Amino acid sequence: MMPIRKILLAALCLLLLLGLEYLGCFEGMNNYFYDLAFRFRGPERPLDKILIAAVDEKTLDRLGPWPLKRTCYASLLEKMKPSGIVAFDILLSEPSPLDPLLAEAMKKGPPVVLPILINEDLMIEHPARALSAFPAGHVHVERGIDGVAREVHHTLYFQGRLLPSFASMVHELAGGRSLSRGAHPPEPEDEKTIFQENLMRINYAGGPGTIPRVSVCDVVQGAYPEDHFRGRIVLVGITAMGLVDSVTTPYAETRMGMSGVEVQANIVNNLLLGNEIRVVSLAASWLIGVPVALLLYGLFFRMTEGSCLLLLIAAVMIYSLLTLLAFFVWHVWNPPAATMLSFLVLLTLAYLLKLHAAAESLGATYAAIRPHLRNAGGKDEPGYGREGIAGLLTPRGIQRQALSLHGIAHQLIFEKELSDRILLSDIFGVAVFDPDGRLMLANGDIHRLCAENEIFLNARDRFLSDLAGHVLEKEASEPAFEQWLQMGAITVFLDRPERRYLKVDVSLLPVAEKAYSLFLLTDITQVKEVELLKGQIVSIVSHELRTPMANIQGFSELLAGSLEGDLKQYAGIVLEESERLTKFVNTFLDINRLEEGRERMEKTPVSVPDLVRKARVKMQPASKGKGIELLAEVPADMAPVLLDRDVTEQVLLNLIENALKYSPPNRPVILRVAEGPDSVIIEVADKGYGIRDEDRDRIFDKFYRANVAGAETVKGSGLGLAFVKRAVEAQGGRVIVRSVFGKGSTFSLVFPRAVRPEM
Ligand code: ADP
């Protein structure tokens with residue numbers, strides 16, 4: 001946002017606050033702070049020469065009931081003769097026959113000041129006629145709306161008369177500078193209008209009792225020497241409970257009021273010391289406050305929210321301390337409420353503007369992302385544009401933001417899933433269909449391929465049924481999507497524009513509770529061709545090698561039978577090696593057939609115990625030759641299992657041969673047959689060299705041979721176990737190896753007993 005707008009908004013807020021302060025909206029708050037400042041400051045020592053002579057309960061007890069006789073006041077004056085001024089805050093308006101006597105005493109005694117009052121009927125109550133020659137002043141103080149007396153007007157004009165304040169009269173008599181009062185009182189509009197001038201804020205020295213006082217009766221009865229009053233200003237007034245009109249002051253936090261005479265004594269004290277409270281004008285106060293507020297406002301934009309809050313607290317505290325300092329030291333009061341409020345308002349404004357900017361940038365980010373989204377919703381989707389703060393602060397706005405984020409999130413999940421799958425695959429073509437089966441996304445290769453081979457690509461089910469005509473797997477020729485999905489990968493052969501084998505990976509892409517169908521095509525033409533070549537080689541080996549090997553074997557057997565001496569031995573070696581080679585070739589061809597699924601299992605009901613016993617008999621010579629005992633723990637009889645007898649026997653022979661090969665002499669090999677609830681288990685256990693953990697899975701790989709100390713000279717091709725695994729799995733069984741290296745191995749064959757054949 002333009003800085004000028006920020007400044008304009010701040011100015012508007014400040015103007016609003018200024019207007020409110022001008023209308024007096026913060027007066028209550030300021031008064032509260034003002035009274036608090038007094039209480040924080042505590043009492044201040046008043047002038048020693050100010051004294052209160054109190055008409056208290058004791059005086060009424062001893063000198064008679066209220067009103068006191070004029071003679072009491074006369075003798076009071078007599079006793080306080082040396083005092084500088086005696087000011088009566090007692091209305092002597094009721095005429096009395098003793099007035100002349102009192103007037104006489106007043107003339108003889110120290111200068112006196114008498115009170116004047118404008119009563120509730122708007123009548124001026126003067127001292128009685130006989131006393132009217134003495135200076136008099138009004139005793140009114142200004143009370144705020146909360147009833148607290150904080151101010152006094154030293155000049156009133158009422159009914160064409162100038163009424164100076166009581167305290168200002170005392171002050172002037174005491175030789176203080178007289179106040180400048182208007183020479184001509186303003187013309188009254190009517191009899192009821194009171195004009196006020198010379199406003200002063202009372203700086204109370206403290207709560208009730210701060211100004212020293214004596215009891216009138218003590219004075220009258222001579223309890224004080226005359227010298228006690230020498231040169232002092234004595235204010236005579238009522239403090240007796242019930243008679244006194246109590247005044248609430250800033251110190252009245254306990255609701256304990258102050259007597260009128262003490263308030264007057266405080267005002268006199270202020271006038272004599274010149275320490276009344278001066279209030280900073282509205283203009284000056286704002287001149288101080290506004291630059292500070294604007295400085296803070298500028299800082300708020302550069303700081304984090306937490307720091308802003310700390311800064312605000314610091315600013316309010318420093319401002320309060322300075323306000324108090326000015327109050328305590330210079331008796332200057334700067335009403336702080338509006339200024340401190342302006343700090344808060346500007347902080348809020350800065351926060352809202354920052355929020356607005358953030359919200360706008362959110363909207364702009366979304367608007368920038370939107371064109372890149374593949375399925376960002378229809379054109380009627382609300383424009384998540386530059387809504388700003390309105391888009392964040394209303395539930396509807398937040399809802400819309402959430403919705404837009406939701407949309408982006410789903411889109412991103414979709415894109416990520418898609419790209420993951422494509423990146424992880426060796427991809428040739430890709431096609432994605434939406435949950436309704438319409439084409440959503442396809443690359444150029446697949447478009448071309450489909451066009452060349454007349455495969456319809458725009459709808460999933462048509463695509464499937466067109467593709468089904470080219471698949472190699474029989475199960476996938478029925479174009480049901482679920483079936484293809486279950487198979488995961490299907491191979492298709494297409495002959496345009498060239499012969500090509502393609503693997504089609506079919507999967508679902510779940511995004512936001514909807515499923516997209518994903519087809520990934522990989523070109524496997526080369527692999528397929530190598531497979532074909534391998535098949536050809538295998539067939540050549542099987543035909544070209546097997547017949548000569550059979551001849552070599554036959555003739556070497558003949559030769560070994562007819563030759564003598566060394567030659568017989570050589571012929572024996574040729575026979576042995578040719579047997580090994582024949583076995584190798586046969587196993588290799590068997591494995592190939594198993595891998596290609598060409599080796600058809602001829603399953604017949606087989607008695608497993610018989611099969612194992614037969615294998616044991618066959619391997620007996622070899623085990624004896626090695627000095628190994630071949631034991632069989634086999635049940636006498638067992639229900640037969642459907643197995644390919646020859647293949648299973650070969651598997652067993654391979655395992656027994658291994659157990660003999662990889663055991664040192666004199667360690668028995670045990671054959672076991674056990675029956676589970678749904679399976680038959682054949683175990684070949686030895687106590688030989690064992691297999692390391694890291695070799696356990698690899699020993700079933702073709703040509704893999706583990707390197708074990710003690711078995712280095714053992715001959716082998718690494719094909720035996722490869723055949724075992726494939727042959728067992730081709731019959732639906734499993735091979736499990738348990739082995740402790742150095743202690744021995746156990747190979748278990750687990751055959752399911754799917755259907756128990758009736759015998
Ligand atoms: P090989 O012709 O080498 O015996 P196999 O496929 O039969 O080939 O076995 C692969 C490897 O597994 C062997 O080289 C041997 O290291 C390990 N092996 C097989 N059977 C056993 C066994 N009973 N005890 C220890 N090691 C064995």
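Note that ligands are numbered from 1 as they come in the structure, with each ligand's atoms numbered from 1 the same way. Everything numeric in this text was worked out from a predicted model, so none of it was measured.
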Taking Ser739 for its side chain and Gly744 for its backbone only, find out whether a donor-acceptor pair lies under 3.5 Å.
-> yes
Who passes side chain to side chain donor-acceptor pair (under 3.5 Å) against Ser507, sequence neighbours left out?
-> Arg421
Mind listing the closest non-hydrogen atom pair of Ile628 and Pro664 along with its distance?
-> CD1-O, 3.8 Å
Have Thr525 and Arg500 got a donor and an acceptor in their side chains that come within less than 3.5 Å?
-> no
Can you name the residues that come within less than 4.0 Å of ligand 1, going by heavy atoms only?
-> Asn658, Ala659, Lys661, Tyr662, Asp686, Gly690, Ile691, Ile699, Tyr704, Arg705, Ala706, Gly716, Ser717, Gly718, Leu719, Gly720, Leu721, Ser745, Phe747
Return yes if some donor-acceptor pair links the side-chain N/O of Asp686 with the main-chain N/O of Gly688 below 3.5 Å, else return no.
-> yes
Can you find a side-chain donor-acceptor pair between Glu629 and Ser623 that sits under 3.5 Å?
-> no
